[in-house]
Each structure stands twice: as structure tokens, then as C-alpha cells.
Amino acid sequence: MDQSRISATPPVLGKPLKRAFFARSVHEVAPDLIGATLLVDGVGGVIVEVEAYHHTDPAAHSFRGPTPRNLVMFGPPGFAYVYRSYGIHWCVNFVCEKEGSASAVLIRALEPTHGIAAMRRRRGQQDARALCSGPGKLTEALGITGKHNGLPLDAPPIALHARATKPDIVAGVRIGITKAVELPWRYGLKGSKFLSKAF
DNA sequence: CCATGGATTGTCT
DNA sequence: GACAATCCATGGG
């Protein structure tokens with residue numbers, strides 16, 4: 001069976017995730033997000049890869065304290081922290097724990113399920129496996145930009161839906177960082193063909 | 001398949 | 001002034 005093929009009819013969505021879902025340790029929330037569905041204006045898919053960043057972690061943007069860029073990370077949980085990467089791409093995080101904890105989960109890859117035509121248009125890309133297989137790719141596919149920084153995760157245009165059952169999850173070291181490179185805080189859906197990189 | 005380098009700009013030193 | 005939580009095209013094995 002061709003696993004890169006995407007079904008024409010989107011799967012039924014689970015119940016909406018409330019803001020309180022994020023008011024826990026980032027190390028609990030990150031693996032719990034695998035299998036959940038992220039939509040922006042109805043376009044998106046199933047989260048298959050994330051990374052956890054904690055304020056005590058030298059690789060986290062919040063490690064050295066609040067700045068104009070990372071201010072949302074120091075706010076309450078359940079909000080989107082969006083930043084520009086390498087001057088070119090946008091990346092989206094979900095703020096966790098409690099106000100001032102400054103921890104967040106970076107969303108790194110989705111399996112596209114909703115609004116695939118719109119994603120292909122935005123990405124100029126036909127291959128379903130390349131639409132959302134990276135943090136910069138998925139923001140482009142979903143139309144996420146700096147305008148979404150600070151928006152709540154449980155109100156339009158953003159929606160999150162719970163997974164039906166707990167999937168098999170794999171963990172590994174994070175990608176593209178130079179500090180605390182050994183921490184195994186990257187989580188993925190086992191066997192997924194839509195990861196940014198194999199575990 | 002893997003390795004390398006350019007693009008491009010906000011942010012912090 | 002350096003560098004970054006990346007992506008893509010290109011070139012070699």
C-alpha cells in the first residue's frame with residue numbers, strides 16, 4: 001500500500017483541546033501532542049513530530065530571560081509563540097506549564113489531512129510527504145506568520161483536536177541546535193512517513 | 001543515498 | 001558583527 005497517498009476525505013476530528021491541556025510540564029505535553037490534529041483556518045493535519053524546550057535548557061529562546069521576541073513564552077500556557085528562523089522561515093510553538101515558566105513545544109511536522117489543495121498551492125509542491133515535514137514547511141503550508149504570535153490555541157483561527165487513541169511514540173535528540181544537543185526531547189509518531197527526519 | 005553551501009533578517013553580544 | 005529551534009538546490013558516491 002502506498003503510504004504517501006493521502007485520503008480524499010479528511011478523518012473525523014476528536015474533541016477540541018482546551019487551553020488547560022497545556023498547563024502541565026512541557027515534558028508531558030510534548031509527547032501527548034503526537035497524534036493530535038492542528039488546524040489553522042481549517043487547514044492542517046496530524047502532529048507527528050515535536051520538540052520540548054524548557055526555560056532551564058540552554059537551547060531554549062527563553063533561557064536568558066524575557067526579550068521582545070520571546071515574551072509570549074513568559075505568558076500563560078495555551079498560546080502560540082511564533083518566531084522567524086534564519087531570517088526566512090517561521091516556526092510555531094505552543095506555550096506550556098504556567099505563566100513565567102517560559103517553556104514551549106516546537107511543532108516540527110504534520111501528516112497533512114485537511115485543506116491539502118491549499119497547502120500545495122502555498123508550498124508550490126505536489127509531494128504530500130514534503131508539505132509539512134519540517135517546522136518551516138508546515139508554517140508555510142498552514143499560512144502561519146508573525147501575525148499569529150500570541151494567539152490562543154483554542155480559538156479561531158487556530159484549532160486543536162485530541163487524538164482517538166494513544167499512538168506509539170519514539171524519542172531522540174533535537175535537531176538544528178548547538179546547545180544541550182544531547183537531551184532526548186524530540187518526540188515522533190513511530191513509523192510515520194511525514195517526519196522531518198527519521199529517528 | 002549523503003554532504004555542502006547559499007538565501008536572508010531579526011536578535012543579541 | 002555574528003549567528004540562528006531551516007529549506008532547497010546542487011554535486012558526488
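Chain identifiers are assigned alphabetically (A, B, ...) following the order of the sequence lines, protein sequences preceding nucleic acid strands; residue numbering begins at 1 within each chain.
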*Which pair of non-hydrogen atoms, one from A:Ala104 and one from A:Val95, has the smallest distance, and what is that distance?*
CB-CA, 4.1 Å

Protein-nucleotide distance ([X], atom [atom1]; [N], atom [atom2]), rounded to Å:
X: A:Tyr53; N: C:dA4; atom1: OH; atom2: C1'; value: 11 Å
X: A:Glu140; N: C:dT6; atom1: CD; atom2: C1'; value: 12 Å
X: A:Glu49; N: C:dT6; atom1: CD; atom2: P; value: 10 Å
X: A:Lys197; N: B:dC2; atom1: NZ; atom2: P; value: 9 Å
X: A:Lys137; N: C:dT6; atom1: NZ; atom2: C1'; value: 9 Å
X: A:His61; N: C:dT6; atom1: NE2; atom2: C1'; value: 12 Å
X: A:Leu195; N: C:dC7; atom1: CG; atom2: P; value: 13 Å
X: A:Arg64; N: B:dT11; atom1: CZ; atom2: P; value: 17 Å

_The test is side chain to side chain contact (heavy atoms under 4.5 Å, CB included); show your working for A:Ser103 and A:Asp57 and say whether it passes._
CA-CA 9 Å; A:Ser103 62; A:Asp57 162 16; over 6 Å; no

Mind checking whether [X] and [Y] have side chains closer than 4.5 Å, heavy atoms only?
X: A:Lys179; Y: A:Phe63; answer: no
X: A:Arg186; Y: A:Glu49; answer: yes
X: A:Ile34; Y: A:Pro167; answer: yes
X: A:Phe194; Y: A:Leu189; answer: no

*Would you mind listing every salt bridge (Lys or Arg N to Asp or Glu O under 4.0 Å) that reaches into residues 29-45 of chain A, with sequence neighbours excluded?*
A:Arg24-A:Asp32, A:Asp32-A:Arg163

*If you look only at pairs with a residue in residues 94-103 of chain A, which of them pass as a salt bridge (Lys or Arg N to Asp or Glu O under 4.0 Å), with sequence neighbours excluded?*
none

*Might you work through the side chain to side chain contact (heavy atoms under 4.5 Å, CB included) test for A:Val72 and A:Val82, ending with a clear yes or no?*
CA-CA 9 Å; A:Val72 173; A:Val82 182; over 6 Å; no

*Please work out if A:Arg186 contacts a base, only the sugar-phosphate, or nothing of the nucleic acid, heavy-atom cut-off 4.0 Å.*
nothing

_Using a 4.0 Å cut-off on heavy atoms, which residues in residues 66-88 of chain A reach DNA chain B? List them by number, or say none._
A:Thr67, A:Arg69, A:Tyr86, A:Gly87, A:Ile88

*Under 4.0 Å from any atom of DNA chain B, heavy atoms only: list the residues of residues 99-109 of chain A that qualify, in numerical order.*
none

_Measuring to OP1 and OP2 of C:dT6, would you say a side-chain N or O of A:Ser196 lies under 4.0 angstrom away?_
no

_First of A:Lys179 and A:Leu138 reached from the 5' end of DNA chain C, by closest nucleotide_ = A:Lys179

*Strand DNA chain B as a dot-bracket string - pairs counted if Watson-Crick or G-U with both distances under 3.5 Å, | where the partner lies in another strand*: |||||||.||||.

*Pairs touching residues 94-138 of chain A that satisfy ring pair (Phe, Tyr, Trp, His ring centres under 6.0 Å), sequence neighbours left out*: A:Phe22-A:Phe94

*Under 3.5 Å, is there a donor-acceptor pair between the A:Ser25 and A:His27 side chains?*
no

